[in-house]
Amino acid sequence: MGAPGTSPLGPESLRGYLLLAPALVVAFAMLVVPLLALIVLSFWSQDYFTLVKEFTFKNYAAIFALADKPIDFLANPFGIFEKPIYLTLLWRSIKMSLVATLIVVLLAYPMAYFLVFRVKRHKLVWLILITVPFWTSYLLRVFAWKVILGFNGVINSGLISLGLIDKPLEFLLYNPIAVTGTLAHSWAAFAILPIYVSLEKIDRSLLEAATDLGDGRLRRFLRVTLPLSMPGVIAATLLVFIPTVGDYITPTLVGGTEGVMIGNIIQSLFGKANNAPLGAAVSIIAMLAITLLVCLFLKLVGPGRSSAKGARA
Amino acid sequence: MTASETYISIRGVGKSFGAFQAVDDVSFDIGRGEFFSLLGPSGCGKTTLLRMLAGFEQPSRGEILIDGQPMSNVAPNRRPTNMVFQNYAIFPHLDVRANIGYGLARLRLPKSELNAIVDQALETIKLPGYGSRRPDQLSGGQRQRVALARALVCKPKVLLLDEPLGALDKKLREEMQLELRQIQRQVGITFVFVTHDQEEALTMSDRIAIMAKGKVLQIDTATRIYETPNCRTVAEFIGTMNFFDGVVKAVRGNEIEIDGGPLGTLLSGVSEHRPVTGERVSLAVRPEKLRLLKSAPAPGPNMIAGRMGPEAYLGDRSHYYVEAAGHPRRIAVATQKLTRSVESCVDEGQGVWLNWTPEACVLLPVS
């Protein structure tokens with residue numbers, strides 16, 4: 001009673017909410033409200049220049065409407081839809097993001113491993129060095145890749161001056177591979193850091209115990225190090241996969257027509273095409289698809305951690 | 001019950017970390033089936049020595065042989081040793097069954113056989129039915145048992161234990177001490193046990209090596225370490241010891257006469273250290289070997305007059321601290337409690353006399 005620090009405002013929970021208030025206000029204003037607005041918008045429609053504020057499923061119907069006569073073009077399974085572009089691009093974006101995520105995690109893991117287990121001194125310097133490329137803007141980094149991969153770019157002019165090729169290689173830029181590679185590079189730090197943290201947390205005596213019990217380096221890695229660093233790998237996967245699916249800067253700059261992603265179409269629907277309601281609907285479908293994939297992924301790799309804790313006697 | 005057959009041979013082993021000498025030219029043998037303890041204060045090099053046996057550290061100098069085989073080129077996962085770690089190092093992502101069976105995986109046993117071995121191990125450590133528990137559902141003592149079982153199912157020739165009981169409370173620790181000793185007799189393998197707890201080492205070990213500052217000071221059975229320490233450091237580390245310094249006046253047969261200065265003449269029986277006349281020596285007497293008298297006895301050797309100081313009540317006995325004129329430290333005297341009297345037998349400040357027999361003390365060189 002009357003002890004210093006006791007709030008006169010009331011119980012603990014109220015104080016907790018008060019402390020959270022600034023964050024809650026920001027989250028509500030910047031996240032919940034726009035999301036609700038997006039959902040509402042997706043059920044309206046656009047009639048040339050006027051926004052028709054009446055409830056309709058038209059936009060969703062447009063995305064999923066089946067074609068009268070399926071188009072059999074380049075074995076595209078989405079040919080059964082009347083406007084296959086949205087789902088085709090969504091599927092392509094997910095594939096490209098998955099590949100980029102896989103590359104990022106596969107490259108980031110050895111880096112984080114090296115940092116944790118091989119670097120004895122100046123770890124902080126190494127960590128800072130890894131993040132140095134991320135001190136420039138995302139746009140500039142992607143643009144740098146355009147310079148590297150371009151027709152008269154670093155790689156082509158370098159190979160020509162070495163006499164290895166006669167004319168510039170055209171397959172470097174403006175295709176899904178360029179997009180995937182650029183995405184992989186751009187998001188590397190987001191994967192290295194969580195994996196680094198999860199590896200750093202592993203008790204070294206567990207590794208010694210595994211060795212003591214007869215494991216060689218590879219077996220020990222597969223049986224102890226990798227399972228214990230899975231939380232970091234999962235975090236890295238989500239941190240890279242979720243934002244890259246909707247990215248539109250990278251495909252715009254290095255993607256060409258072949259490398260267009262769902263983000264580009266959403267951007268043009270909101271902009272040039274002037275059909276914000278349809279853009280909102282496509283956005284929501286993309287979000288739902290990502291959510292579904294993430295849930296599926298967590299179900300597969302996060303084996304019942306919470307249920308085991310729940311069983312605690 | 002010291003085993004005669006040498007099983008582990010440590011020859012001139014040293015380990016330095018930079019300029020720091022963790023283990024300094026240590027040589028000794030451990031017998032087959034022996035319960036051998038490395039005892040010393042923290043930082044004395046005992047854990048480093050154990051880790052060199054396990055292969056986690058390479059000796060900077062010297063050689064370790066296990067069963068006659070030099071170990072310097074044998075990786076830790078190929079050594080005939082298994083270790084129980086100080087923090088148990090139970091794999092948090094595996095259940096108890098998988099933890100215990102961890103070391104057996106490379107044998108590729110049929111599942112039924114593996115399960116039978118693990119069930120047997122769970123029976124031995126008195127945790128039957130705990131196989132599907134996760135480590136975070138176990139208490140400290142249970143984790144300790146799982147760590148022990150995990151090491152034992154691998155059937156090592158040597159079991160290394162790094163302060164395995166340090167994190168347990170006193171009651172549980174005493175229980176586990178007995179259990180460990182019993183398991184060691186059952187399986188009959190060599191145990192090398194690292195501890196800083198002298199009581200633990202004294203109750204469990206066949207032999208004890210006392211270590212300090214990277215060196216081994218004395219290797220002996222528990223009773224010999226307690227009754228005949230070979231230097232002041234060992235005498236001080238194990239139990240409580242009173243030291244009276246003096247100069248040897250005469251050596252006659254079984255008795256050595258010492259001039260104790262203000263303490264008068266001191267008489268000692270012979271012990272390992274054979275002093276010569278004129279040498280400065282320390283006469284060491286355990287608190288329980290001193291007799292506390294309330295009235296002045298007939299004058300003679302080994303007789304110190306003093307004043308009663310504070311009492312330390314230990315339950316089964318009391319330590320009284322006596323201040324003697326001309327002696328820099330308080331002298332500890334242990335008294336047995338033969339009755340349930342709650343009264344102190346002597347008041348603080350009262351004059352008392354201390355007396356002991358020549359056979360009760362050990363002569364040590366002054367270090």
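Proteins come first, then strands; the chains are lettered A, B, ... in the order of their sequence lines, and each starts at number 1. Values in this document were obtained by computation on a predicted structure and should not be read as measured data.
- Here N87(B) is the residue among L104(B), V153(B), N87(B) with the most heavy-atom pairs under 4.5 Å with chain A.
- The number of heavy atoms from other shown groups lying within 6.0 Å of CG (N73(B)) does not exceed 12.
- Annotation: Y248(A), atom OH; neighbour count of heavy atoms from other residues, nucleotides and ligands within 6.0 Å does not exceed 12.
- For R106(B), the parts lying under 4.5 angstrom from a heavy atom of chain A are both the backbone and the side chain.
- Open room surrounds CZ on R11(B); 12 or fewer heavy atoms of other groups in view lie less than 6.0 Å from it.
- Rounding to the nearest 0.5 Å gives a distance of 13.5 Å between OH of Y88(B) and CG of D203(A).
- Interface remark: N82(B) contributes backbone and side-chain atoms alike to the contact with chain A (heavy atom separation under 4.5 Å).
- Counting heavy atoms of neighbouring residues, nucleotides and ligands inside a 6.0 Å radius, atom NZ of K123(A) exceeds 12 of them.
- The minimum heavy-atom distance linking L213(A) with C154(B) is given by the pair CD2-SG, 3.7 Å.
- Side-chain contact check for T211(A) versus F56(B): some heavy-atom pair is nearer than 4.5 Å.
- The neighbour count for I242(A) CD1, taken as heavy atoms of other residues, nucleotides or ligands under 6.0 Å away, is above 12.
- Surrounding CZ of R217(A) are at most 12 heavy atoms belonging to other residues, nucleotides or ligands under 6.0 Å away.
- Using modelled atom types, one side-chain atom of R223(A) and one backbone atom of Y102(B) make a donor-acceptor pair closer than 3.5 Å.
- Of all heavy-atom pairs spanning P227(A) and H93(B), the tightest one is CB-CD2, 3.5 Å.
- Atom CG in L206(A) sits 10.0 Å away from atom CG in L94(B) (nearest 0.5 Å).
- Note that CG of D212(A) is 5.5 Å distant from OG1 of T81(B), once rounded to the nearest 0.5 Å.
- Counting only distance, with no hydrogens or angles, the side chain of N77(B) and the backbone of D215(A) share a donor-acceptor pair below 3.5 Å.
- With a threshold of 4.5 angstrom between heavy atoms, L160(B) does not approach chain A through any atom at all.
- When heavy atoms are compared at a cutoff of 4.5 Å, R204(A) does not approach chain B at all.
- Interface remark: R51(B) contributes side-chain atoms only to the contact with chain A (heavy atom separation under 4.5 Å).
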